[in-house]
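To keep things clear, I will list the structure first and then write my remarks on it.
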Amino acid sequence: KPPSPIRLTLVGAAYQENLTVPHNVQGWNSLLALAELVSPSGSLPNGSLLTSAHSEWHLHQPPIVLQSGQPWDFGLDRFPEETLVLYFNAHGAADQKGAYLLPHDCEPTDLSGRLRVQQIIATLSKLPAEKHKLLILDATHFDTNWRYGMLRNDFARSLEELEQDIVAVPNLVVVCAASDGQLSLAGPQNQTLFGHFMVDALSGSVEDANLDGRIDAWEVYDNTNRNIHQWVAENHVAAQQAWLLPTGALGHKRAAEIQ
């Protein structure tokens, strides 16, 4: 069976003009770097390991700026590809209603502008069951923010509470860039550490661990995590480890089926 086409949708915010939160230029640069991997013809550039593993990566459009009250899910109800990779790189946090992402034009008093992760999962649940869905969340870029009443960033912890919602959506895998109590760190080339090494993996550094002639999402995830661990050990005092939902064998199985 030939590799199935993949739809890539990128959403994020840089917050350069927003004084209520730190900027996220590294996160936005990560989205741009990933977008540049996809050539106008819809294939990854020469030299990428994935040119032999995937013939079609379709970038839906340039990275979408996450704006309050504006749609981010353009075309997700009718894309023809068999697999969707939906990558968010924006500030994330949590409140009593759960994990959320802050739009580019966020304000501390505007609770309605927050994009709930549960809402994203609900949107993905409406897609055909047979489509593979990979949701990537690179979101914990700061740990406290008094303007937003945040004494601790509980984004990852609140995301864990959504595991059963994720399990209930057929073929959905969610990857979070950092574990509970950790930050998504800045990395090389003015990108986030997670974003940098994910782009690096897709550019050719990832190995075909099971020797099946294809690269799957589990292999990309595992390669990215190992590179993050090594870089942090050599360059940073803090820790960072990406993690995947569903946990355990189910998450591994679903991720390995995304090829």
Side-chain angles (χ1 to χ4, degrees), residues 8 10 12-16 21-38 44-51 53 63 85 87-93 134-145 152-157 159-160 173-211 215-245 247-248 251-252 255-256 258:
L8 176 62
L10 306 171
Y15 311 100
Q16 303 101 312
V21 291
H23 74 75
N24 183 36
V25 172
Q26 291 91 349
W28 189 254
N29 286 343
S30 298
L31 296 182
L32 294 177
L34 188 54
E36 289 173 2
L37 277 181
V38 181
L44 291 171
N46 292 332
S48 166
L49 184 60
L50 294 189
T51 54
V85 176
Y87 180 13
F88 283 91
N89 203 313
H91 291 323
L134 175 59
L135 171 61
I136 301 171
L137 300 168
D138 193 347
T140 51
H141 305 297
F142 59 83
D143 52 358
T144 62
N145 189 306
R152 182 186 190 276
N153 194 327
D154 287 324
F155 179 86
R157 180 182 298 181
L159 183 60
E160 289 182 52
V173 175
V174 178
V175 173
C176 186
S179 300
D180 184 36
Q182 299 177 351
L183 295 179
S184 176
L185 302 171
Q189 298 183 354
N190 201 25
Q191 300 170 22
T192 64
L193 188 60
F194 175 86
H196 170 78
F197 282 117
M198 190 175 70
V199 170
D200 184 62
L202 294 176
S203 297
S205 71
V206 63
E207 298 179 357
D208 179 14
N210 59 7
L211 302 178
I215 303 300
D216 59 54
W218 179 265
E219 290 166 333
V220 172
Y221 162 76
D222 185 60
N223 179 273
T224 299
N225 233 357
R226 284 188 283 108
N227 282 331
I228 288 173
H229 178 78
Q230 180 177 350
W231 190 93
V232 167
E234 296 173 354
N235 298 281
H236 213 286
V237 295
Q240 181 179 345
Q241 180 175 357
W243 55 288
L244 182 147
L245 290 171
T247 55
H252 191 161
I258 300 176

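We use all heavy atoms of the structure for the numbers below, so side chains are in, but hydrogens, waters and symmetry mates are not.
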Whether W218 and H252 hold their rings parallel, tilted or perpendicular, with breakpoints at 30° and 60°: parallel
Inter-residue atom distance Y87.OH - D138.CG, 0.5 Å rounding: 4.0 Å
Flag for T140-N153: side-chain donor and acceptor within less than 3.5 Å: no
Between H141 and N89, a side-chain donor and acceptor under 3.5 Å: yes
Distance-minimising heavy-atom pair for A238 and V232: O-CG1, 2.6 Å
Check: N29 side chain, N190 main-chain N or O, donor-acceptor pair, under 3.5 Å: yes
Check: A177 main-chain N/O paired with W243 side-chain donor or acceptor under 3.5 Å: no
N/O donor-acceptor pair under 3.5 Å between N24 side chain and A13 backbone: yes
Exercise: identify the closest heavy-atom pair between G195 and T192: N-OG1, 3.0 Å
Nearest atoms (heavy-atom pairs only) where A256 meets D216: O-CB, 3.3 Å
W28 side chain reached by Q16 side chain, heavy atoms, under 4.5 Å: no
From NE2 (H196) to OG (S30), nearest 0.5 Å: 9.5 Å
Shortest non-hydrogen contact between S179 and A156, atoms and distance: C-CB, 3.8 Å
Reported CG-to-CG distance for the pair L202 and L34, which is rounded to 0.5 angstrom: 6.5 Å
Spatial distance of atom CE (M198) from atom CG (N227) [nearest 0.5 Å]: 13.0 Å
Stepwise side chain to side chain contact (heavy atoms under 4.5 Å, CB included) test for D222 and E219: CA-CA 5 Å; D222 185 60; E219 290 166 333; 5.8 Å; no
Reported CG-to-CG distance for the pair L193 and N235, which is rounded to 0.5 angstrom: 9.0 Å
Minimal non-hydrogen separation, F197 against T224, with atom names: O-OG1, 3.6 Å
Donor-acceptor pair, side chain of Y15 and main chain of H91, under 3.5 angstrom: yes
Pair Y221-V173, side chain to side chain contact (heavy atoms under 4.5 Å, CB included): steps then yes or no: CA-CA 11 Å; Y221 162 76; V173 175; over 6 Å; no
Criterion side chain to side chain contact (heavy atoms under 4.5 Å, CB included) on L135 and F88, from CA distance to verdict: CA-CA 8 Å; L135 171 61; F88 283 91; 3.7 Å; yes
Worked check of side chain to side chain contact (heavy atoms under 4.5 Å, CB included) between E160 and D154: CA-CA 10 Å; E160 289 182 52; D154 287 324; over 6 Å; no
Interatomic spacing from CG in D180 to CZ in F155 - rounded to 0.5 Å: 11.5 Å
Nearest heavy-atom neighbours spanning I228 and Q240: CG2-O, 3.4 Å
Plane angle bin for H236 and W231 - parallel if under 30°, tilted between 30 and 60°, otherwise perpendicular: tilted
Q182 (side chain) donor-acceptor with Q241 (main chain) under 3.5 angstrom: yes
